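Written out below as structure tokens is the structure these notes cover.
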Protein chains: 2
Amino acid sequence: MANSLDDVIDGALRVLDARGMEFFSMRRVAAELDVQPSALYHHVENKQTLLTLMAARIVGPVTIDEDLVAVSHRLRDAMLGIRDGAEVVATATAFRLGTSELEAELAKYSSPDIARTLLIYVIGHTQATQLHSQASTLGLIPHDPDLDESFVRGLAIILDR
Amino acid sequence: MANSLDDVIDGALRVLDARGMEFFSMRRVAAELDVQPSALYHHVENKQTLLTLMAARIVGPVTIDEDLVAVSHRLRDAMLGIRDGAEVVATATAFRLGTSELEAELAKYSSPDIARTLLIYVIGHTQATQLHSQASTLGLIPHDPDLDESFVRGLAIILDR
DNA sequence: ACCTGAACACCGTTCAAGT
DNA sequence: ACCTGAACACCGTTCAAGT
């Protein structure tokens with residue numbers, strides 16, 4: 001019956017996917033796990049730490065290899081796979097620019113500058129895409145059907161021309 | 001004695017600069033203006049709207065012309081000029097990718113794809129820089145003295161080579 | 001037009017105590 | 001090791017009422 005750290009991260013990702021970042025709270029994660037809010041602090045130091053662990057879980061399974069276009073698409077798909085996933089990853093990796101494993105891996109197949117530029121672009125464009133499609137679902141903004149192609153063209157600008 | 005919308009935005013930017021995003025709240029903005037929290041809702045629909053107005057105020061004064069490298073530096077400096085400025089601008093403009101005046105202006109001097117890629121990069125890199133220097137000031141992370149040059153090299157990757 | 005006062009339904013986090 | 005119960009110091013927002 002007792003929860004592990006992995007259970008907490010799983011529960012947190014379920015809450016995020018169901019309600020979005022706006023309604024993501026420690027108290028809702030606790031409720032999802034049928035536990036008191038204070039119990040979470042046995043597993044995790046604070047909310048920010050939990051968000052960092054969630055970001056690692058979203059992006060961790062992505063394979064990094066020499067095909068940077070394919071890697072970029074895999075990263076994007078991983079983030080798009082969960083509601084507000086890009087926002088979670090954005091804050092977590094912005095915090096660790098230069099320290100991130102992901103950035104170092106990408107640099108192995110290109111250069112430090114290309115790795116960093118690409119990473120910032122992929123996360124930023126995906127975050128915008130995710131916010132955009134939420135806003136247009138709510139009817140706040142007209143839908144832009146060009147966002148997928150726009151992503152590809154930006155990739156081309158950074159990776160070659 | 002009565003406040004205008006501009007007074008509210010000014011007060012909000014003072015609170016942001018003094019305490020940072022983490023402690024930015026409607027109640028603190030109200031206190032800064034010597035007014036009850038509820039009074040703010042006469043000027044602004046909600047917190048998100050206020051943040052959007054703050055972003056416009058940060059980025060609005062920046063001159064856009066054909067020298068995209070210079071424009072990028074001006075945008076960066078404007079955001080760096082206020083604590084967590086890049087974060088505020090990032091959320092506000094991610095929300096309006098494709099609808100933003102800034103993006104349209106930049107496109108006039110390059111192309112829609114370059115404009116969008118550049119904007120995402122400039123804001124993302126600046127946000128990372130700002131988070132990084134906060135974290136290193138707090139001793140959480142070693143300082144990276146290369147961030148300014150890193151910005152310039154990423155710019156070169158996007159704008160020519 | 002701009003503001004007050006009071007209320008509602010929430011937050012993150014701490015801490016002693018239980019098993 | 002993992003959790004409860006209670007508390008503390010906060011939030012954003014609404015709404016009737018005042019000037």
Side-chain angles (χ1 to χ4, degrees), chain A residues 1-57 83-84 87-88 90-92 95 131 134-135 138 140, chain B residues 1-57 83-84 87-88 90-92 95 131 134-135 138 140:
Chain A
M1 288 256 87
N3 289 298
S4 67
L5 175 57
D6 270 353
D7 295 332
V8 172
I9 300 172
D10 285 342
L13 287 171
R14 286 197 302 274
V15 171
L16 181 67
D17 199 46
R19 338 279 305 220
M21 206 35 175
E22 190 187 355
F23 299 108
F24 179 81
S25 71
M26 295 298 273
R27 296 178 105 106
R28 279 188 215 256
V29 174
E32 171 73 23
L33 298 171
D34 278 311
V35 117
Q36 294 296 313
S38 51
L40 299 178
Y41 293 86
H42 187 266
H43 300 278
V44 115
E45 205 184 334
N46 51 39
K47 189 184 183 181
Q48 185 50 58
T49 307
L50 179 53
L51 285 166
T52 304
L53 294 168
M54 292 160 71
R57 180 84 125 244
R83 166 126 72 139
D84 291 337
E87 188 179 335
V88 172
T91 343
F95 190 75
L131 280 172
Q134 272 177 219
L138 294 171
L140 299 176
Chain B
M1 286 256 88
N3 289 297
S4 67
L5 175 57
D6 270 353
D7 295 332
V8 172
I9 300 172
D10 285 342
L13 287 170
R14 286 197 303 273
V15 171
L16 180 67
D17 200 45
R19 336 280 304 219
M21 207 33 175
E22 192 187 353
F23 298 108
F24 179 81
S25 71
M26 296 298 272
R27 297 178 104 104
R28 279 188 215 256
V29 174
E32 170 74 23
L33 299 171
D34 276 312
V35 116
Q36 294 296 313
S38 51
L40 298 178
Y41 293 85
H42 187 266
H43 301 278
V44 115
E45 207 185 331
N46 51 40
K47 189 184 182 179
Q48 184 50 58
T49 308
L50 179 52
L51 285 166
T52 304
L53 293 169
M54 292 161 69
R57 179 85 125 243
R83 165 125 75 138
D84 290 337
E87 188 179 337
V88 172
T91 345
F95 190 76
L131 279 172
Q134 271 176 219
L138 294 171
L140 299 177

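The shown structure was predicted, so the numbers you read here are calculated from the model rather than taken from an experiment. Order of the sequence lines fixes the chain letters, A, B, ..., with proteins taken first and strands second; residue numbering starts at 1 for each chain.
In this entry the distance linking CG of A:L51 with C1' of C:dC11 reads 14 Å, nearest Å. Across the protein-nucleic acid pair, A:K47 atom NZ and C:dC11 atom P stand 9 Å apart, rounded to whole Å. Taking atom CG of residue B:N46 and atom P of nucleotide D:dC15, one finds them 14 Å apart after rounding to whole Å. Atom CZ in A:F23 sits roughly 10 Å away from atom P in C:dC11 (whole-Å rounding). Computed from coordinates, the A:R28 CZ to C:dC10 P distance equals 7 Å when rounded to whole Å. Between the C1' atom of C:dT13 and the CE atom of A:M26 lies a distance of 9 Å, rounded to the nearest Å. The nearest whole Å value for the distance from the CD atom in A:E22 to the C1' atom in C:dC11 is 14 Å. Across the protein-nucleic acid pair, B:D7 atom CG and C:dC2 atom P stand 10 Å apart, rounded to whole Å.
Residues B:L13 and B:I9 have side chains in contact (heavy-atom distance under 4.5 Å, counting atoms from C-beta outward). Looking at heavy atoms from C-beta onward, B:L33 lies out of side-chain contact with B:D10 at the 4.5 angstrom threshold. Side chains of A:L51 and A:M21 form a contact here, defined as non-hydrogen atoms less than 4.5 Å apart.
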message: Test side-chain contact (heavy atoms from CB on, under 4.5 Å) on A:M26 and A:V44; report intermediate values, then the result.
response: CA-CA 11 Å; A:M26 295 298 273; A:V44 115; 4.1 Å; yes
task: Please lay out, stage by stage, how B:F24 and B:M54 fare under the test side-chain contact (heavy atoms from CB on, under 4.5 Å).
output: CA-CA 12 Å; B:F24 179 81; B:M54 292 161 69; 3.7 Å; yes
- prompt: Should A:L50 and A:K47 be marked as a side-chain contact (heavy atoms from CB on, under 4.5 Å) after you check the CA-CA gap, both sets of side-chain angles, and the distance that decides it?
  reply: CA-CA 5 Å; A:L50 179 53; A:K47 189 184 183 181; 5.6 Å; no
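Counting only distance, with no hydrogens or angles, the side chain of B:R28 and the backbone of B:V15 share no donor-acceptor pair below 3.5 Å. A distance-only check finds no donor-acceptor pair linking the side chain of A:R14 to the backbone of A:E32 [under 3.5 Å]. The closest donor-acceptor contact from the side chain of A:D84 to the backbone of A:E87 lies at 3.5 Å or more, if one exists at all.
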With 3.5 Å as the limit, what N/O pairs link the protein to nucleotides 3-5 of chain D?
| from | atom 1 | to | atom 2 | distance (Å) |
| --- | --- | --- | --- | --- |
| D:dC3 | OP1 | A:N3 | N | 2.9 |
| D:dC3 | OP1 | A:N3 | ND2 | 3.1 |
| D:dC3 | OP2 | A:H43 | NE2 | 2.7 |
| D:dT4 | OP2 | A:Q36 | N | 2.6 |
| D:dG5 | O6 | A:S38 | OG | 2.6 |

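For DNA chain C, the stems formed by at least three consecutive Watson-Crick or G-U pairs, with both atom-pair distances below 3.5 Å, span C:4-8 with D:12-16, C:12-16 with D:4-8.
Straight-line distance between the C1' atoms of D:dC15 and C:dC3: roughly 13 Å, to the nearest whole Å.
Applying the 4.0 Å criterion to OP1 and OP2 of C:dA9, one finds that A:R27 has every side-chain N and O outside that range.
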